[in-house]
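Only one structure is covered here, and it is reproduced in the block below.
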Amino acid sequence: MATTYIIKDDEKTKKWKTPHGELYIIKDRCKGCSFCIEFCPKKVLVESKEFNAKGYHPPELQEDETKKCINCGFCAMICPEFAIFSEADAQSKDIAQIPEKEYPIPESPKIPEIKKARDVLTGEHFWNGDVAAAEGAIAAGCKFFGGYPITPSTEVAEHIAERMPQVGGVYVQMEDEIASIAAVLGAAWGGAKSMTATSGPGFSLMQENIGLAVITETPCLIINVQRGGPSTGLPTLVAQADVMQARWGTHGDHEIIALAPNSPQECFDLTIECFNLAYKYRTPVLLMMDECVGHMTERVVVPERSKIHLVDRKKPKGEPGKVKIYEADEDLVPPMPYAGEGYNIHMTGLTHDERGYPSTIPETQERMIKRICDKIRIHADEIIRYEEFMLEDAEIVVVAYGITSRVVKRAVVMAREKGIKAGMFRLITLWPFPEKKVRELAKKVKNFLVVEINYGQMVLEVERCACPSKVHFLGKMGGSVHTPEEVLQKITEVTK
Amino acid sequence: MKMARTEIKFGGFGGQGIILAGFIVGKAVSLYDKKEAVFTQSYGPEARGGACAASLVIDDKVIDYPYPVSPDIMVIMSQEAYHDYVPKLKEGGILIIDEDLVSLDDIAKRAGKIYKIPATRFAEELGMKIAANIVMLGFFGYVARNLLTTESLKKSVLESVPARFRDQNAKAFDKGYKYAQETIKGE
Ligand code: SF4
Ligand code: SF4
């Protein structure tokens, strides 16, 4: 076999003659992982005594075993550092075949014994937003997490991976975000409250299946801890630039519910709320955190289990065989059967009738779209939450959400100290947008100022509803939060 | 203890336990002293070697803006962190340094008070170099005794380290605290 490597047998590279060729080890490349030793079907490799330049012990071929090496090349295949390889003599190619029974059967890894732990950790904790959201999910009874960790949401996955097994739940690290959300939907139909957590790039990948969740009316939670984008953007630096994507990221007519916490405590509370909304309205719900809220650590009070209000699915009342899985009650929400309960379930991303059977009849599409949108629209007042701060006599309303609302609150207090009647309207529910409330405010107040970490997103929504008031905008492209002074300056400017 | 908004910044290099130090103080204030505290840390390239920082805002009242504007206290454990952060120390603020790792220059003039401890050396003498941050916390605990109770801080230290290292960390904490008691006089 012709070789393209230039190999010297010196102190850096070791070469052994084997019955059918040679085995080489480039010692300084080795990182001591022992994979080659473990995977060699002939078990002829051992850890040597010597140190290489990195301080590891590279493997060596046991001198008395050189005859057993069969030049199979497994060691080269498995070595992550390209530190070991074998070359077979041209005439003895066939030898590099291993009889089947000699494949090593790897011992299955020992799973450490898992101690059971409480699901509701009643008491006071010092948690960051990501951990608080993870605990909120567990307290809400979530039993399935399918995800692909991505910063700044990684701590959600990390924490849940540790906690899920303790409460009898399952954490699955999926191969990517598309698979993650697919698994989350599957788990929901299998009867487990389920969720995933991601950030911008992953959120984009999930959009198609979020649409599948909408059309199949699958309750689930998707957490997006926002960072700067587009694309890979700003790993681990803040933005609030996915809020419009949250609304319209997946294609087709639909409504979505999205909430935005501004503290670790709210990350806990709103995660529970998200699950409740998901199950009440049989719909995917988004928790739109941002990097700052995810990574800030504060006191989180976890109430007693009995004080946590949980909503479960509406179960079908009829007998299996007689229930249509998309036949809604008066509230436009159909009860939800789980797979395995005996009901006939036909799930499809195609437009479907009440039985779940695909249909291309325009009337069916019309009926389906209307219902899945209206089930949210008619309940908007119940779903929407917001915070009003010093709004009673306000002459300027500053609109904010997430981390920005905490900057704005400071700025509003500073403005008041200067005699400017400012107030804050904080969106807790981003979608459905609190349209009614904004229209009401617009009747009293001439100036709105929207402060958000993007180049103009929710401001469009405020503009749509705040007519005839003037809507001003103070954006930031992402990477950092506004300072209270910046907001104060803008407030001063527009109220002049 | 009554207190107004106070901002504390911890700076050093990655691996010194700077983040943990900030977290421990935050937890002590928030959970044991029952005051408000927000802890934040630097992410991104800063956190991977080089200067690394943790910030804490504490207050009697609920904290809105969670980031420090001009820190009242800085605990600095590397020269790089000294140059990066001390220019933002509040005029007349408190500067605490590891004296073997930080040398002072004109920037330090803005500090109203400067306290020095060879925290890393002490930790090495105790046979656990990685507890330099805890020695520093003991020292800090004495300096900041008007902000948080020593019992809370020590409790938080012990709860934040693995059980088998508790004794060692208690020793490290006491070492720093005693050193402060002995060297800081006339206050
Ligand atoms: S070539 Fe095959 S038999 Fe030889 S050392 Fe590598 S893995 Fe073992
Ligand atoms: S697989 Fe490669 S890196 Fe790992 S021990 Fe073997 S030679 Fe070294």
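Each chain gets a letter, A, B and so on, in the order the sequences are listed, and its residues count up from 1.
Chain B forms more heavy-atom pairs under 4.5 Å with one residue of A:R410, A:E124, A:R299 than with any other, namely A:R299. Considering only heavy-atom pairs separated by less than 4.5 Å from chain B, the leading option among A:K409, A:E485, A:E298 is A:E298.
Scanning all heavy atoms of the two residues, the minimum distance from A:R385 to A:T429 falls at N-OG1, 2.7 Å. Of all the heavy atoms in A:I453 and A:S480, the pair that sits closest is CG2-O, 3.8 Å. Taking both residues in full, the closest heavy atoms of A:A415 and A:A422 are given as CB-CB, 4.0 Å, listed atom of the first, atom of the second, then distance.
Side-chain polar atoms of A:E452 and A:N454 form a donor-acceptor pair below 3.5 angstrom.
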Just list the side-chain donor-acceptor pairs under 3.5 Å for residues 487-495 of chain A, sequence neighbours left out, or say none.
| from | atom 1 | to | atom 2 | distance (Å) |
| --- | --- | --- | --- | --- |
| A:T492 | OG1 | A:L488 | O | 2.6 |
| A:T495 | OG1 | A:I491 | O | 2.7 |
| A:T495 | OG1 | A:T492 | O | 3.2 |

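Residues of residues 392-408 of chain A placed with any heavy atom under 4.5 Å of a heavy atom in chain B are listed by number as A:I403, A:R406, A:V407.
Residue A:V412 is tested with A:K421, A:E417, A:M424 for a side chain to side chain contact (heavy atoms under 4.5 Å, CB included); the sole match is A:M424.
Geometrically, B:K175 engages B:F122 in a cation-pi contact defined by less than 6.0 Å to the ring centre and at most 45° from the axis.
With a 4.5 angstrom heavy-atom cutoff, B:Y67 touches chain A only via side-chain atoms.
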